[in-house]
Amino acid sequence: MADKVKVWFDAEADYLEVRFSDAAGHLKETKHDALMERVDANGHVIGFTILGVSRFKKEKPLEADLAAA
């Protein structure tokens, strides 16, 4: 588990990004159209991005699986 987590929210672009590591990585598509995983060179999940975050309401949250590290 990461010691620190960095979170960014961009209201204009309507996305939320969470990073567990400052390691270099790239975004990878998931089965959910709103969720992108950030993975390192070895394929370990080091964060995620949620696109169109405002469409998810408290009554119906986003549920998705991240790849196992």
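Numbers for residues simply follow the sequence, beginning at 1.
- Looking at Val18 and Val5, their side chains come closer than 4.5 Å, going by heavy atoms from C-beta outward.
- Counting heavy atoms from C-beta outward, Met36 and Lys28 have side chains that stay 4.5 Å or more apart.
- Leu51 and Phe56 get closest at one heavy-atom pair: O-CE1, 4.2 Å.
- Remark: the backbone N or O of Tyr15 is not paired with any side-chain donor or acceptor of Asp10 at under 3.5 angstrom.
- Residues Leu27 and Thr49 meet the side-chain proximity criterion, which asks for heavy atoms closer than 4.5 Å.
- The nearest pair of heavy atoms linking His26 to Asp40 is CE1-O, 4.3 Å.
- The line from CG of Leu35 to OG1 of Thr30 is 4.0 Å long, rounded to the nearest 0.5 Å.
- Considering only heavy atoms from C-beta on, Trp8 stays 4.5 Å or farther from Leu16 through its side chain.
- The pair Arg55-Asp14 does not count as a salt bridge, with every side-chain nitrogen at least 4.0 angstrom from each carboxylate oxygen.
- Listed for the Asn42 side chain is no donor-acceptor partner under 3.5 Å among the backbone atoms of His44.
- Glu17 is not listed as a side-chain neighbour of Lys6, based on a closest heavy-atom distance of 4.5 Å or more.
- Proximity of Phe20 to Lys4: side-chain heavy atoms (C-beta onward) are nowhere separated by under 4.5 Å.
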